[in-house]
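Below, read A as the first sequence line, B as the second, and so on, with proteins coming before strands; counting in each chain starts at 1. Hydrogens, waters and symmetry mates are skipped; everything else that's a heavy atom, side chains included, is used. Just so it is clear, the structure is predicted and the values come from calculations on it, not from any experiment.
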Amino acid sequence: MVRKLGLSFYERGTLEVARDLLGRTLCRRVPGGAVLRGRILEAEAYDGPEDRASHASRGPTARNAPMFEAGGIAYVYLVYGVHHCLNVVTGPRGYPAAVLLRGAESPDGAASAVGPGRLTRAFRVDRGLDGASLLGPHLWLEEGEPVPDRIVRRTPRIGVDYAGAWARKRYRFMVVG
DNA sequence: GGTGCGATTGCA
DNA sequence: GCAATCGCACCA
């Protein structure tokens, strides 16, 4: 029996959720009814208003509004005018935090979809899902198979060199192998 | 109303 | 090494 992760999974500290996302099953019901599934392999935490790498570091805007909502919804945005990025919003309402999903197994089980843009393409996620509930019919997570610490690696985040000391924090979690 | 650029990727 | 491509943050 597969279990959909509930609100209590998301309403925790961002770093804790990021680590715990590894091994969980990302599920996406596409138009037509088919469900795409794949285990999450890589995730990055963006934690609070002080985090200079976070879109929320300059206060609430139209784009980052979902980050300020309570955990359990998606935050989807377009980077470089080309790729969509999928985030899992975490923590309580008013505290801007989210986890960027950077890699997962491909739904077809073949190769892995590593890279935030590749992941959203593989799971057909776009801005139509911005703000969508992660307990709803279009996008959700299932329990999956938790990953032991010995195959988890922590590194600084990718592509945020502009963020000073925040760029060096080890907020990226990935499954090795 | 104008401008500069990004939580990336793929190809030369 | 660099183009693609556009929403949005910020300034006027």
- Note on the structure: Taken to the nearest whole Å, CG/A:L86 to P/B:dT9 is 13 Å
- Message: Could you tell me the boundaries of the chain A footprint on DNA chain C, defined by atoms under 4.0 Å from its heavy atoms?
- Response: C:dA4 to C:dC10
- For DNA chain C, find the residues of residues 153-177 of chain A with a heavy-atom distance under 4.0 Å and give them by number; none if there aren't any. none
- A:R118 CZ to B:dG10 C1', straight-line distance once rounded to whole Å: 8 Å
- Rounded to whole Å, NE2 of A:H55 lies from C1' of B:dG6 at a distance of 7 Å
- How many Å lie between CG on A:D47 and P on B:dA7, as a whole number? 17 Å
- Task: Can you sort out the partners of A:R12 under salt bridge (charged side-chain N to carboxylate O under 4.0 Å, His left out), two or more places apart, ordered by chain and number?
- Result: A:E16, A:D20
- Query: Just how far, in rounded Å, is P of B:dT8 from CG of A:L101?
  - Reply: 13 Å
- Query: Name the stems with DNA chain C in them: runs of three or more consecutive Watson-Crick or G-U pairs, distances under 3.5 Å?
  - Reply: B:1-6 with C:6-11, B:8-11 with C:1-4
- Task: May I ask you to evaluate whether A:R121 reaches the phosphate of B:dT9, defined as a side-chain N or O under 4.0 Å from OP1 or OP2?
- Result: no
- Find the distance A:D51:CG to B:dA7:P and express it as a whole number of Å. 11 Å
- Apart from A:V35 itself, what residues make up its hydrophobic cluster, given side-chain heavy atom links below 4.5 Å? A:W140
- Item | Partner residues of A:E42 under the salt bridge (charged side-chain N to carboxylate O under 4.0 Å, His left out) criterion, sequence neighbours left out | A:R102, A:R172
- Message: For residues A:L21 and A:L135: do they belong to one hydrophobic cluster (side chain heavy atoms under 4.5 Å, members Ile, Leu, Val, Met, Phe, Trp, Tyr)?
- Response: yes
- Residue among A:R24, A:R39, A:R37, A:K4 satisfying salt bridge (Lys or Arg N to Asp or Glu O under 4.0 Å) with A:E142: A:R37
- Within one Ile-Leu-Val-Met-Phe-Trp-Tyr cluster: A:Y46 and A:L101, side-chain cutoff 4.5 Å: no
- Message: Output the rounded distance in Å from NE2 (A:H83) to P (B:dC11).
- Response: 11 Å
- Just checking, is any N or O donor in the side chain of A:S106 or A:S112 under 3.5 Å from an acceptor N or O on the other one? no
- Task: Would you check, one step at a time, whether the test side-chain contact (heavy atoms from CB on, under 4.5 Å) holds for A:N64 with A:Y77?
- Result: CA-CA 8 Å; A:N64 67 24; A:Y77 66 91; over 6 Å; no
- Item | Test item: A:L15 and A:F173 side chains (from C-beta on) under 4.5 Å apart, heavy atoms | yes
- Query: Expressed in whole Å, how much space separates the P atoms belonging to C:dT5 and B:dG2?
  - Reply: 23 Å
